[in-house]
Amino acid sequence: MSDEGLVEVKAAESFEEGDHELVDVRGVEVGVVRDEDEFYAFRNTCPHDGGPVCTGPVSRKLVGEFVGPGERVERSFSDEKIISCPWHGWSFDLETGENVADDGIVLPSYDVIVEDGVVYVDDGR
Amino acid sequence: MIDAAEHRVVDCDWHYQDSFTDIVEYMEEPWKTKYEKSNWDAAGVKQNLSSFFPTSTGDRQAYGKIEREHSNYPDKAETPDRVREGMEFLDVDQSIQISHLALAMGGVQTDDERTQAFAKAHIEYMLEEVLDPDDGVYGLAPLPYSDIETSLEILDRVENEPAIKGACFITAGANPPLGNRKYDPLYKRCEEIGYPVVFHTGGSGLDDYVRAGYQEMLETHTLGFLESNMSQLVSVTCQGVPEKFPDLDIVFMESGVTYVPGLISRLEEEYLKRPEEAPLLEKRPSEYITDYYFGTQPLEVSASPDLLELCFDMLGTDRLLYASDYPHWDFDSPSTITDLPFISDEERKAILAGNAVEVFDL
């Protein structure tokens with residue numbers, strides 16, 4: 001842990017696309033996920049059943065649009081990314097941590113900082 | 001506690017025991033002749049081998065045990081006067097008539113026009129001989145929803161009839177289930193007219209409603225009525241009907257109330273795990289379902305009061321509609337509502353009349 005309250009994760013270049021790394025942040029297991037050169041960090045405990053949510057897959061959210069009565073709902077993958085708990089599929093918006101089914105359920109998130117090629121999680125202090 | 005006789009009571013589910021012999025007079029050919037020549041009994045409700053509409057397990061009257069006045073189904077056809085007599089018996093001021101025979105339409109899977117012919121003739125018969133807003137006797141238009149074109153014709157026919165207060169979809173036998181986009185034009189039209197859509201469970205085909213082999217009415221009537229409504233409740237909600245048609249009032253009739261919280265709970269567990277499969281929903285399924293209206297009959301008055309109170313709290317007393325199901329064998333009188341210990345008098349009045357006045361624009 002650094003003096004600035006940053007918890008070192010590992011070198012950014014050692015993260016593969018979709019890779020995750022778990023770190024201890026003030027006694028809480030936090031998962032850092034890389035997606036399209038961006039890093040995201042969440043508490044690695046699914047609010048549903050405590051599953052290791054950050055180890056699950058990241059995907060584009062499948063959405064549907066009502067285009068008119070009698071028409072088939074148009075399905076497509078949006079630009080929004082979600083991360084899904086590998087235990088039961090509970091899914092959360094990668095940007096906000098909001099549950100896809102109920103935005104009142106939020107996966108606690110942490111700021112991620114990359115300095116000199118190293119990924120850190122801000123422990124909030 | 002309130003006395004039903006001293007307050008307005010609207011019965012949202014009265015079954016006019018229409019007879020084929022009466023309705024056939026309003027039917028078009030060739031169905032008029034087909035129905036007339038199909039060996040109906042004198043009352044027009046029983047028929048050898050049930051040539052047209054399917055029947056179901058067992059005797060509704062519990063094999064001769066239920067003998068009350070007005071309960072003579074299915075041995076005698078209804079007359080309009082008996083509706084007025086029954087309303088007086090129950091202290092009902094206004095009633096919504098739903099065809100008794102239409103309840104079997106859901107069991108008809110053939111690709112002919114027997115249900116279309118029946119529904120159209122039923123409406124003409126009811127408008128001509130039975131319904132009268134001055135007497136508080138209103139009705140719903142039964143829709144042969146597998147035929148969208150004919151159902152739209154029926155809605156065009158009745159939209160300016162002051163005695164018709166909504167459209168009725170029999171939930172038994174709907175293939176595909178009623179959330180399918182196929183039915184969108186009907187929901188759109190009902191929304192335009194301002195008609196509530198009443199999803200009413202049905203009794204036909206109960207013998208093998210999901211699987212064959214049940215033996216007694218006790219089993220099939222318990223399970224089949226629930227399954228029919230539950231399947232459509234899930235389909236309509238998950239396919240986003242209330243998002244597509246936000247001004248449409250949705251009513252579910254005749255499966256009591258205790259099944260709804262259980263179904264909501266299970267659906268929510270599924271939805272939280274698979275929300276992308278219901279992409280039109282903007283909120284949890286429960287938030288849509290508790291916006292629907294539910295007929296109270298057959299109210300589970302023998303259930304634990306705590307359970308019943310919980311159900312009323314979840315659904316909301318502003319979403320419950322008193323329904324008798326009269327004169328069917330398991331009817332509820334208004335005392336099922338007036339005697340409930342855990343609701344206020346204002347809530348009793350709302351369930352007995354106020355909510356229905358709003359939904360059905362009475």
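Note on naming: letters A, B, ... go to the chains in the order of the sequence lines (proteins, then strands), and numbering restarts at 1 for each one.
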In this structure, are over 12 heavy atoms from other groups packed under 6.0 Å from A:E17 atom CD?
->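 Counting other residues, nucleotides and ligands, CD of A:E17 exceeds 12 neighbours.
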For B:F342, does the CZ atom have more than 12 heavy-atom neighbours from other residues, nucleotides or ligands under 6.0 Å away?
->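 Enclosed: over 12 neighbouring heavy atoms sit under 6.0 Å from CZ of B:F342.
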Close side-chain approach of A:V100 to B:L272, heavy-atom, < 4.5 Å |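 Not in contact.
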Give every donor-acceptor pair between chain A and chain B closer than 3.5 Å, one pair per line, or write none.
{"unit_1": "A:L62", "atom_1": "N", "unit_2": "B:E276", "atom_2": "OE2", "d": "2.6"}
{"unit_1": "A:G70", "atom_1": "N", "unit_2": "B:D184", "atom_2": "OD2", "d": "2.8"}
{"unit_1": "A:G70", "atom_1": "O", "unit_2": "B:R181", "atom_2": "NH1", "d": "3.2"}
{"unit_1": "A:R75", "atom_1": "NH2", "unit_2": "B:E276", "atom_2": "O", "d": "2.5"}
{"unit_1": "A:D102", "atom_1": "OD2", "unit_2": "B:R284", "atom_2": "NE", "d": "2.6"}
{"unit_1": "A:D102", "atom_1": "OD2", "unit_2": "B:R284", "atom_2": "NH2", "d": "2.9"}

Hey, which of A:P69, A:G104, A:G68, A:G89 has the most heavy atom pairs under 4.5 Å with chain B?
->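 Option with the top pair count is A:P69.
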Closest contact, heavy atoms only, A:A101 versus B:P275 |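 Heavy-atom minimum between the residues: CB-CB, 3.7 Å.
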